[in-house]
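The structure under discussion appears below in the form of structure tokens.
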Amino acid sequence: MMKIDIISAVPDLLFSPLNFSIVKRARESDLVQINIIDLRDYSLNRYGQIDDYQFGGGAGMVLMVEPLFNCISELKKSNQYNHLIYLTPDGEKFDQKHANCLSMSENLLLICGHYKGIDERIRDNFVTMELSIGDYVLSGGELAAAVLIDSIVRLIPGVLTDIESALTDSFQDNLLSPPVYSRPAEFNGWKVPEILLSGHEEKIREWRLEQSLKRTEQRRPDLLKDFDSL
Ligand code: ADE
């Protein structure tokens with residue numbers, strides 16, 4: 001079973017993304033174990049301090065080196081992590097390839113920053129991978145961690161049923177997904193494309209590929225460069 005530990009200063013932020021839908025089902029089926037570690041349990045004093053002003057001045061607090069050091073050191077005693085991942089806007093841009101690769105891990109540790117981030121010495125001495133979910137700044141790494149976990153967990157074998165198969169997701173082959181329709185075949189005068197009702201599997205496959213290509217060309221031509229080189 002895959003095990004994911006997350007260190008967070010605001011663990012409540014992680015609750016709902018990890019307790020519903022597919023991630024919930026994966027946890028209940030013991031396909032993934034997710035542990036949230038509250039950094040405040042490692043605070044230095046009875047005020048629960050885990051952050052401090054940055055040396056050299058400047059706005060914003062920094063998560064201190066010592067609580068993180070103590071927390072990570074304790075976790076490492078009983079875990080052999082494949083990766084220690086720090087979520088940060090200056091990390092490598094996370095995409096489906098990272099998700100595919102990380103879904104084969106056995107044990108991951110995710111570190112969520114808050115405020116201005118974490119003391120650089122933790123990054124220098126512990127972190128093995130730094131990931132950003134996009135070019136914008138979040139208040140902390142928790143929502144980014146939730147995005148990462150959701151995208152990874154759905155790729156673990158057995159988590160999705162055949163019907164939900166991740167293989168046909170957008171990006172899985174570097175193309176966007178084709179349009180999808182469900183019953184009724186006609187609503188309000190709006191019709192479902194005839195071909196999808198034909199039962200002709202080969203033709204439907206062709207149509208879907210065409211639509212995927214068309215959609216990708218229109219919306220994300222940058223993806224086609226990779227597709228061409230496959
Ligand atoms: N923490 C703050 N902003 C972030 C981002 N865009 N990606 C990952 N972690 C973050």
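Counting starts at 1 for both ligands and their atoms, following the listed order.
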Main-chain N/O of [Y] paired to [X] side chain as donor or acceptor, under 3.5 Å:
X: Asp12; Y: Phe15; answer: no
X: Thr216; Y: Leu175; answer: no
X: Ser105; Y: Leu102; answer: yes
X: Ser8; Y: Val10; answer: yes

What are the polar N/O contacts of ligand 1 with the protein below 3.5 Å, with distances?
from, atom 1, to, atom 2, distance (Å)
ligand 1, 3 (N), Leu138, N, 3.0
ligand 1, 6 (N), Gly134, O, 3.1
ligand 1, 6 (N), Tyr136, O, 2.8
ligand 1, 7 (N), Ile133, N, 3.0
ligand 1, 9 (N), Thr88, N, 3.2

Phe126/Phe69 aromatic ring centres below 6.0 Å
yes
Determine the minimum heavy-atom distance between Pro184 and Val192, stating which atoms define it.
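In this case the closest contact between Pro184 and Val192 is O-CG2, 4.0 Å.
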